[in-house]
Protein chains: 2
Amino acid sequence: MLHAPSAPRYIQIREALLRRIQDGDLKPGEKLPSEDQLAAEFGVSRMTVRRSLDDLINAGLIYRRHGLGTFVSKTTIERDHSRLTDFFENCRLSGHVPGARLLHKEQKDALPHIARALGLQPGEPVIRLATLRSVDGAPITYHDAYLPAYRFPDLLEAEPATLGLDRQHVWQLIEAQGYTVANVVEKLEAQLAGKDVARLLKIKPGDPILYGQRVLYSDDGTPLKYADCYNRGDRFSLTVVLAR
Amino acid sequence: MLHAPSAPRYIQIREALLRRIQDGDLKPGEKLPSEDQLAAEFGVSRMTVRRSLDDLINAGLIYRRHGLGTFVSKTTIERDHSRLTDFFENCRLSGHVPGARLLHKEQKDALPHIARALGLQPGEPVIRLATLRSVDGAPITYHDAYLPAYRFPDLLEAEPATLGLDRQHVWQLIEAQGYTVANVVEKLEAQLAGKDVARLLKIKPGDPILYGQRVLYSDDGTPLKYADCYNRGDRFSLTVVLAR
DNA sequence: GAGTGGTCTAGACCACCCG
DNA sequence: GGGTGGTCTAGACCACTCG
């Protein structure tokens with residue numbers, strides 16, 4: 001999280017305040033210095049201070065009360081699981097051992113519902129990357145992803161050993177094409193495991209499955225990836241934050 | 001969405017631009033006038049225009065490209081389902097008939113996991129509101145909610161006919177106590193229906209259930225409500241947006 | 001009244017992208 | 001070079017909250 005000395009002042013100030021909060025220098029519920037005081041302390045104008053505070057408010061770390069001041073939030077909501085984070089990193093951070101196996105890498109014709117999600121015509125070529133992800137050696141998620149072939153001409157030739165095994169890696173390939181990964185829209189349902197999925201996840205047909213249809217978008221709204229996700233109901237949970 | 005004539009200029013401008021996008025006056029992918037042009041058009045400074053645009057960017061409706069301009073997003077992500085919205089309103093908007101029945105309204109001692117979620121000591125009094133929600137006459141969700149009793153002293157005496165039947169209504173009671181509802185954190189899992197839940201939802205034991213533990217927070221991070229939600233797997237799906 | 005955040009100005013200079 | 005957004009200033013006045 002280091003920034004070059006040339007980073008904008010508002011980012012430097014934001015990081016400085018973030019450190020004070022994380023170090024417990026500013027405790028939950030405690031009042032921050034006023035915007036005027038912060039402006040004087042950092043030697044900037046008040047508008048610049050406000051720009052820094054806006055970021056921290058957006059992250060849910062602080063909140064403002066008109067006429068009273070700015071305060072550190074009481075509960076630091078664990079936003080980690082509600083943000084777009086790497087499966088592998090998340091796993092390791094919680095002290096588990098992630099794993100993955102590439103089951104399919106192929107070019108196919110898009111099925112209608114996949115074409116619709118990706119803004120393609122039915123039958124247009126897509127690249128399929130299917131992986132089985134595991135935690136501590138036991139399978140937990142079957143991930144069946146599709147990307148528009150014309151946007152990722154080099155994907156089929158990419159290193160098979162790591163491809164699809166680390167989302168960060170796929171993201172790097174995506175961003176190397178000039179896209180900026182911005183968000184994922186996921187539709188979640190509860191289902192019962194079918195025969196094929198049950199076999200992959202080493203559960204019984206009829207066991208509960210948290211099924212998600214995920215679409216990955218770039219910041220201009222272009223759909224970049226569609227994926228069917230089958231998560232073991234007994235070992236997988238997803239925490240989301242719905243903001244007003 | 002009307003604002004008093006005294007609404008801040010940046011809100012007026014934001015709403016004016018929103019209207020142009022929603023009316024198709026500005027089409028997806030199309031470039032907005034430059035910030036200088038908008039400032040001249042609305043007779044404000046550029047900083048005020050940027051304040052308006054920031055809101056629309058935050059809502060995912062437009063995006064900026066340094067050196068190029070500001071553009072309307074290509075896919076207007078249906079954020080409706082990823083925002084905190086009223087069950088009843090959502091339902092009606094999609095052309096369905098929502099319903100609800102209050103099953104329990106009582107004061108109890110908080111169970112340990114509920115106390116922990118609400119920042120209480122185990123055994124502290126909570127108010128339980130359990131409702132069965134339906135769509136087009138068929139039950140879809142069993143909602144078992146708990147609120148700290150000391151924060152809502154008047155809740156038990158509230159009008160039973162409408163209480164818990166419209167989330168907006170409960171929110172109004174919550175906000176009448178001086179809280180500002182800010183977000184919900186929900187942990188989702190796939191489960192199989194047990195006997196009791198199956199009976200309520202008119203499904204068979206062993207049918208799939210999308211189970212969620214919801215905690216409602218005010219903007220200062222105070223937990224205000226805990227709820228167990230049991231959603232019929234065959235008729236309920238939840239769409240979430242994970243931002244980077 | 002004093003202190004706080006909410007809004008707004010009228011500029012400035014910089015970095016980025018295009019032709 | 002010309003147009004765009006990114007950052008930043010040094011003020012101003014208003015609205016809200018508290019004592």
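Proteins get letters first, then strands, A, B, ... in listed order; numbering begins at 1 in each. Note that this is a predicted model, so its numbers are computed, not measured.
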Check A:Glu30 with A:Arg20, please: is the shortest side-chain N to carboxylate O separation under 4.0 Å?
no
Checking B:Tyr10 against B:Arg50: is there a side-chain donor and acceptor pair closer than 3.5 Å?
no
Contact class for A:Arg50 (heavy atom, under 4.0 Å): base, sugar-phosphate, or nothing?
base
Can you tell me if B:Gln37 uses its side chain to pair, donor with acceptor, with the backbone of B:Ser34 under 3.5 Å?
yes
Here the pair of heavy atoms bringing A:Pro148 nearest to A:Leu224 is CD-O, 3.2 Å
Is any side-chain nitrogen or oxygen of A:Ser45 closer than 4.0 Å to OP1 or OP2 of D:dG11?
no
Below 3.5 Å between N/O atoms, which protein atoms pair up with nucleotides 1-3 of chain C? Just atom names and distances, please.
from	atom 1	to	atom 2	distance (Å)
C:dG3	N2	A:Gly67	O	3.0

Between B:Arg65 and A:Asp219, is the closest basic N to carboxylate O distance under 4.0 Å?
yes
What integer distance in Å separates A:Arg9:CZ from C:dC13:P?
18 Å
Looking at the side chain of A:Lys31, which of C:dT4, D:dT4, C:dT9 is the nearest nucleotide?
C:dT4
Whole Å only: how far is the CZ atom of A:Phe71 from the P atom of C:dT4?
10 Å
OP1 or OP2 of C:dG5 versus the side-chain N and O atoms of A:Thr70: is any pair under 4.0 Å?
yes
Over how many whole Å does the gap from A:Tyr63 atom OH to C:dG6 atom C1' extend?
18 Å
Separation of atom OH in A:Tyr10 from atom C1' in D:dG6, rounded to whole Å:
8 Å
Whole-Å distance, B:Arg14 CZ to C:dC8 C1', equals 16 Å
Using only side-chain N and O atoms of A:Arg64, determine if any of them is under 4.0 Å from OP1 or OP2 of C:dG6.
yes
Using whole Å, report how far CG of A:Asp36 lies from P of D:dG11.
12 Å
I need the CZ-P distance between B:Arg51 and C:dG6, as an integer number of Å.
9 Å
I'd like to know if A:Glu15 and A:Arg9 make a salt bridge, using a cut-off of under 4.0 Å between side-chain N and carboxylate O.
no
Just to confirm, is there a sub-4.0 Å distance from OP1 or OP2 of C:dT9 to any side-chain nitrogen or oxygen of B:Thr48?
yes
By nearest atom, which of the nucleotides C:dT9, D:dG6, C:dC8 is closest to the B:Pro8 side chain?
C:dC8
Does A:Arg46 reach a base, just sugar-phosphate, or nothing at all? Heavy atoms under 4.0 Å.
base
Check this for me: does any side-chain nitrogen of one of B:Lys108 and B:Glu124 sit under 4.0 Å from a carboxylate oxygen of the other?
no
A:Met47 CE to C:dG6 P: how many Å, rounded?
12 Å
